[in-house]
Enquirer: 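My questions will all concern the structure given below.
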Amino acid sequence: MSDLYAQTRERVLAALTDAFPDLPEEVLARVEVVPPREEGRGEMASNAAMVSARAAGRKPAEIAAELARRLAGTPPIAAAEIAGPGFLNLTLDADAWRGVVPAVLAEGESYGDSDIGGGIAVNVEYVSANPTGPLHVGHCRGAVVGDALASLMEKAGYNVTREFYVNDAGNQVTALAWAAYWRYLEALGTELTQDEFAARIPGGLQYGGDYLRDVGRALAEAHGDAFAPGAMPADPEFWLDAVRDFAIAFLLETIKEDLARLGIRHDVFRSERALVESGAADRVIAALRERDLIYEGVLEPPKGKLPEDWEPREQTLFRATLFGDDVDRPLRKSDGTATYFANDIAYHAEKIALGAEILIDVLGADHGGYLPRMRAAVAALGGASFEVALCQIVHFQKGGEQVRMSKRAGTFVTVADLLEEVDADAIRFTMLMRKNDAQMTFDLDLAVSQTRENPVFYVQYAHARARSVLRAADERGIVPADDLETLRTLADPAEMAVLRRIALWPRLVEGAAQAREPHRIAFFLYDLASDFHMLWNRGRDDAALRFLIEDRPAETAARVALVAAVATVLRSGMQVLGVTPVEEMR
RNA sequence: GCGCCCUUAGCUCAGUUGGACAGAGCAACAGCCUUCUAAGCUGUGGGUCGGUGGUUCGAAUCCACCAGGGCGCGCCA
């Protein structure tokens with residue numbers, strides 16, 4: 001838990017409160033110590049003088065001068081100068097930066113762990129794909145973002161639960177049951193044609209995908225023709241529940257397999273059906289009704305184009321408008337059963353009841369319109385804050401052209417298809433190089449290319465290079481230095497740049513976690529990889545800067561320690577993103 | 001018609017929650033392999049941060065309006 005930036009900030013705060021004892025907490029909280037944006041402005045910069053100028057009744061420059069006077073020469077601060085409108089630019093003792101190496105080696109991959117999360121219970125719900133088919137590429141980004149966000153928040157000290165909401169209730173799973181039943185009849189060798197069967201059933205055959213053949217065959221193996229004597233359709237009353245449950249369980253299993261191949265594993269799978277059957281939706285509606293948040297009423301017709309079958313109807317409505325939504329929202333369908341929204345309120349209520357203090361829903365952008373009502377619902381429930389990570393649609397590109405996803409053409413529909421083209425590491429890293437709410441184009445050629453333009457490769461290559469050095473060092477019996485005296489041989493600008501980057505890691509983890517932005521981790525890894533490749537190349541140009549030098553044991557031990565620290569931080573970051581740190585490139 | 005998200009270099013995108021002259025990678029141009037992996041590295045050029053106002057010591061960042069792109073809009077999930 002060492003963080004050089006945090007330590008330096010403490011020093012600045014101490015100097016500030018010594019000089020100006022009456023500064024209010026809010027002002028102190030705004031004091032930052034950050035890496036400067038550009039070279040030549042010291043090694044750390046603080047806004048302390050500017051944010052406290054008003055409260056202290058002094059000019060920023062005066063405060064900065066006072067701070068500089070008090071701080072300069074007090075370890076780890078070597079020099080302090082005033083710049084611009086009142087910035088305090090600090091230069092640290094080189095030993096302070098070097099000290100990061102033993103800290104990293106001692107802490108290992110837990111270097112960068114933080115406790116800002118304070119053990120707060122966070123529930124991250126992601127993927128939540130309908131169990132009516134294999135995982136679709138449309139779910140991929142949310143799956144990767146949700147998983148990385150969960151890992152990131154764990155690293156920052158939150159107590160995270162990874163959750164998958166199984167939408168196994170409602171009309172769609174009934175339709176699924178019928179479709180699975182058709183494949184079952186097929187497996188039994190029915191005389192009916194698909195069209196004849198489709199004509200007999202409510203709503204027609206809605207799921208025509210081949211993947212249901214497997215479900216049909218498995219049903220036939222497990223149950224023989226018990227649900228369809230003579231391979232002819234029977235009264236659904238005798239089979240519908242069983243076939244539906246069988247199909248859902250089967251497909252959920254394939255979804256879990258797809259997720260596993262992406263390196264994703266949830267802690268909790270919560271069934272909507274179980275929730276409904278437990279009466280949770282009814283209970284939550286009743287509870288809201290007691291607080292006068294539910295009423296029977298008629299909604300205004302929607303603006304713009306009117307749905308063809310629209311007619312005024314009295315419904316059970318939730319007063320979402322009291323909590324910022326545009327309209328009140330229906331909780332019961334005309335047949336009296338709960339709407340998806342009503343069940344979802346019950347689901348979120350359950351997450352809160354089980355202790356979650358922060359609820360994060362990772363959703364596709366097509367659910368954007370659903371947000372205001374869910375936000376309103378959680379606000380009405382109380383007890384937890386509600387956050388959403390919206391993931392914009394991903395377009396895929398190959399050979400310079402956009403890949404059209406079509407079920408009929410049989411290309412690029414499922415995550416399994418995608419995994420045929422690109423491995424999980426490339427998928428994860430590439431998707432995490434973008435902010436989740438920005439549209440992105442996924443270039444399949446780039447993601448598999450072994451060039452610098454491909455960030456996945458670039459970062460993995462850096463790690464492999466570092467490991468290659470460490471293996472060579474190990475063979476020669478070199479022990480990484482952990483004492484400052486030996487590490488003092490690290491002095492080249494490229495070496496110091498790597499040290500400064502590594503020192504930034506804990507601060508970066510905290511910032512990314514608080515902003516809920518895992519993509520920052522990807523960018524950091526890219527930057528660290530870049531620093532390391534640069535350092536490597538210095539050794540190419542100048543033999544004196546190589547890592548392993550036969551007759552210079554001190555330099556060698558120090559540089560091996562630095563390389564080990566780089567490899568450790570790279571691994572630490574890749575772990576958050578769920579990307580494999582490879583030992584060597586083949 | 002209304003709501004949410006987005007708009008930064010020719011292209012793909014960052015911008016550390018309001019800080020210093022706006023950054024990186026591609027692409028363009030000029031260099032670097034007797035070596036622990038050149039699958040890489042170094043340098044140069046390139047911007048009215050979609051537009052107009054406002055808030056303040058300070059705005060790509062916050063607010064308002066406008067333009068363009070995406071998503072959504074009662075008893076589907």
Side-chain angles (χ1 to χ4, degrees), chain A residues 32 34-38 41 45 47 50-51 53-54 59-60 83-87 89 128 130 132 167 169-173 272 298-305 307 309-313 315-317 325-337 339-341 343-344 364-372 390 392-393 433-435 437-441 443 446 449-455 457-458 461-462 464-465 468-473 504 507-508 510-512 514-515 517 519-520 523-524 526-527 530 533-541 543 546-549 563 584-585:
Chain A
E32 288 185 314
V34 303
R37 287 201 174 174
E38 284 167 54
R41 288 197 184 130
N47 61 353
M50 288 179 290
V51 297
R54 189 166 307 182
K59 289 179 181 164
F87 283 100
N89 288 345
S128 298
N130 296 337
T132 53
N167 300 139
N171 300 331
Q172 59 177 4
V173 287
E272 181 185 4
V298 180
L299 288 177
E300 293 289 308
K303 304 274 200 246
K305 58 177 199 289
D309 59 346
W310 195 89
E311 58 184 36
R313 182 191 297 281
Q315 311 180 87
T316 301
L317 298 167
D325 200 0
D326 304 323
V327 290
D328 293 335
R329 303 290 180 174
L331 297 178
R332 291 195 188 282
K333 306 181 205 171
S334 48
D335 66 1
T337 60
T339 58
Y340 178 82
F341 177 50
N343 291 336
D344 215 7
D366 55 341
H367 289 74
Y370 184 69
L371 285 188
L390 269 193
Q392 291 290 332
I393 302 284
M433 280 294 285
R434 297 283 173 271
K435 222 172 3 190
D437 55 1
Q439 291 104 320
M440 73 172 286
T441 301
D443 187 329
L446 180 61
S449 71
Q450 305 221 324
T451 66
R452 166 190 183 171
E453 298 142 55
N454 179 7
F457 169 78
Y458 190 73
Y461 185 37
R465 271 186 154 173
S468 153
V469 173
L470 295 175
R471 278 192 302 271
L504 195 55
R507 177 188 155 75
L508 192 113
E510 291 188 352
Q514 283 178 314
E517 290 185 351
H519 76 277
R520 291 191 195 179
F523 277 87
F524 173 86
Y526 186 82
D527 290 340
S530 180
H533 284 308
M534 194 183 302
L535 180 59
W536 177 289
N537 238 57
R538 298 273 288 141
R540 192 186 304 287
D541 296 339
R546 300 225 189 130
F547 299 126
L548 309 179
I549 304 175
V563 172
E584 53 187 333
M585 307 300 285

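None of these values were measured; they are calculated from a predicted model. Every chain is numbered from 1, with letters handed out A, B, ... down the list of sequences.
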Enquirer: Send over the distance from A:His519 NE2 to B:A24 P, rounded to a whole Å.
Expert: 17 Å
Enquirer: Using purine N1 to pyrimidine N3 plus N6-O4 or O6-N4 for Watson-Crick, or N1-O2 and O6-N3 for G-U wobble, both under 3.5 Å, which nucleotide pairs with B:C32?
Expert: B:G40
Enquirer: For B:U48, is chi within 90° of 0 (syn) or not (anti)?
Expert: anti
Enquirer: Could you classify B:C33 for me, syn or anti, using a glycosidic angle within 90° of 0 as syn?
Expert: syn
Enquirer: CZ/A:Arg520 to NZ/A:Lys435 distance, rounded to the nearest 0.5 angstrom?
Expert: 9.0 Å
Enquirer: Is there a Watson-Crick or G-U wobble partner for B:C2 with both distances under 3.5 Å, and which nucleotide is it?
Expert: B:G72
Enquirer: Do the side-chain N or O atoms of A:Arg465 get closer than 4.0 angstrom to the phosphate oxygens (OP1, OP2) of B:C41?
Expert: no
Enquirer: Looking at the side chain of A:Ala438, which of B:A14, B:A20, B:U37 is the nearest nucleotide?
Expert: B:A14
Enquirer: Would you classify A:Phe547 as touching base, sugar-phosphate or nothing, given that sugar-phosphate means primed atoms plus P, OP1 and OP2, and contacts are heavy atoms under 4.0 Å?
Expert: base
Enquirer: If you only use heavy atoms from C-beta on, which nucleotide in B:C13, B:G25, B:C71 is closest to the side chain of A:Asp366?
Expert: B:C71
Enquirer: Check whether any side-chain heavy atom of A:Met440 sits under 4.5 Å from a side-chain heavy atom of A:Gln392, and report yes or no.
Expert: no
Enquirer: Would you kindly give the CZ-to-C1' distance between A:Arg520 and B:U17, to the nearest whole Å?
Expert: 7 Å
Enquirer: Say we look at B:G68 and B:G50: how far apart would their C1' atoms be, to the nearest angstrom?
Expert: 8 Å
Enquirer: If we take the C1' atom in both B:U37 and B:A30, what is their distance in whole Å?
Expert: 26 Å
Enquirer: Which of the following nucleotides, B:C75, B:U37, B:A77, is nearest to the side chain of A:Gln172?
Expert: B:A77
Enquirer: Within the 4.0 Å heavy-atom criterion, would you say A:Ala365 contacts the bases, only the backbone, or no part of the nucleic acid?
Expert: sugar-phosphate
Enquirer: So do the side chains of A:Asn537 and A:Met534 get within less than 4.5 Å of each other, counting heavy atoms only?
Expert: no
Enquirer: What I'd like to find out is whether the side chain of A:Val51 reaches to under 4.5 Å of the side chain of A:Glu32, using heavy atoms alone.
Expert: no
Enquirer: Which one, B:G74, B:C41, B:C57, comes nearest to the side chain of A:Arg54?
Expert: B:C57
Enquirer: Roughly, in whole Å, what's the span from CG in A:Leu446 to C1' in B:C13?
Expert: 12 Å
Enquirer: When the nearest nucleotide of RNA chain B is assigned to A:Ala472 and to A:Leu299 on a heavy-atom basis, which residue is associated with the more 5' position?
Expert: A:Ala472
Enquirer: Return the nucleotide paired to B:A27: Watson-Crick means purine N1 to pyrimidine N3 with N6-O4 or O6-N4, wobble means G-U with N1-O2 and O6-N3, both under 3.5 Å.
Expert: none
Enquirer: Looking at the side chain of A:Asn171, which of B:C76, B:C41, B:G74 is the nearest nucleotide?
Expert: B:C76
Enquirer: Rounded to whole angstroms, how far apart are CZ on A:Arg329 and C1' on B:G74?
Expert: 9 Å
Enquirer: Please pick, from B:A77, B:U16, B:U12, the nucleotide with the shortest atom-to-atom distance to any side-chain atom of A:Pro35.
Expert: B:U16
Enquirer: When you compare B:G18 with B:C73, how far apart are their C1' atoms, in angstrom units rounded to a whole number?
Expert: 35 Å
Enquirer: Expressed in angstrom and rounded to an integer, what is the separation of A:Gln315 atom CD from B:G74 atom P?
Expert: 10 Å
Enquirer: Ignoring hydrogens and angles, are the base of B:A20 and the side chain of A:Asn89 linked by a donor-acceptor pair under 3.5 Å?
Expert: yes
Enquirer: Contact class for A:Ser334 (heavy atom, under 4.0 Å): base, sugar-phosphate, or nothing?
Expert: base
Enquirer: Side chain of A:Ala83 only, heavy atoms from C-beta on: which candidate in B:A14, B:A20, B:C13 is closest?
Expert: B:A20
Enquirer: Rounded to whole angstrom, note down the C1' distance from B:C49 over to B:G15.
Expert: 11 Å
Enquirer: Between A:Asn167 and A:Gln172, is there a side-chain donor-acceptor contact under 3.5 Å, judged purely by atom types and distance?
Expert: no
Enquirer: In whole angstrom, give the distance that lies between atom CG of A:Asp443 and atom P of B:C13.
Expert: 11 Å
Enquirer: From A:Thr441 OG1 over to A:Arg434 CZ, what is the distance, rounded to the nearest 0.5 angstrom?
Expert: 8.5 Å
Enquirer: Can you check whether any acceptor in the base of B:C36 is under 3.5 Å from a donor in the side chain of A:Arg546, or vice versa?
Expert: no
Enquirer: Where the side chain of A:Glu517 is defined as all heavy atoms beyond and including C-beta, which of B:A77, B:G15, B:A38 is the nearest nucleotide?
Expert: B:G15
Enquirer: How far does the C1' atom of B:C62 sit from the matching atom of B:U56, given to the nearest Å?
Expert: 11 Å
Enquirer: Can you tell me which nucleotide in B:C41, B:A38, B:U17 comes closest to the side chain of A:His533?
Expert: B:C41
Enquirer: Please give the distance between the P atoms of B:C33 and B:G46 as a whole number of Å.
Expert: 29 Å
Enquirer: Using 30° and 60° as the class boundaries, would you call the ring planes of A:Tyr458 and A:His533 parallel, tilted or perpendicular?
Expert: tilted
Enquirer: Atom CZ in A:Phe547, atom CG in A:Leu470: separation rounded to 0.5 Å?
Expert: 9.5 Å
Enquirer: Taking the same atom, C1', in B:C71 and in B:C11, what whole-Å distance lies between them?
Expert: 25 Å
Enquirer: Round to a whole Å and report the spacing from CG of A:Leu371 to P of B:A77.
Expert: 18 Å
Enquirer: Could you work out which one of B:C13, B:A77, B:C41 sits closest to the side chain of A:His367?
Expert: B:A77
Enquirer: What is the separation between atom CG on A:Asp437 and atom C1' on B:G70, rounded to the nearest whole Å?
Expert: 12 Å
Enquirer: If you assign A:Ala169 and A:Pro372 each to the RNA chain B nucleotide with the nearest heavy atom, which residue ends up on the more 5' nucleotide?
Expert: A:Pro372
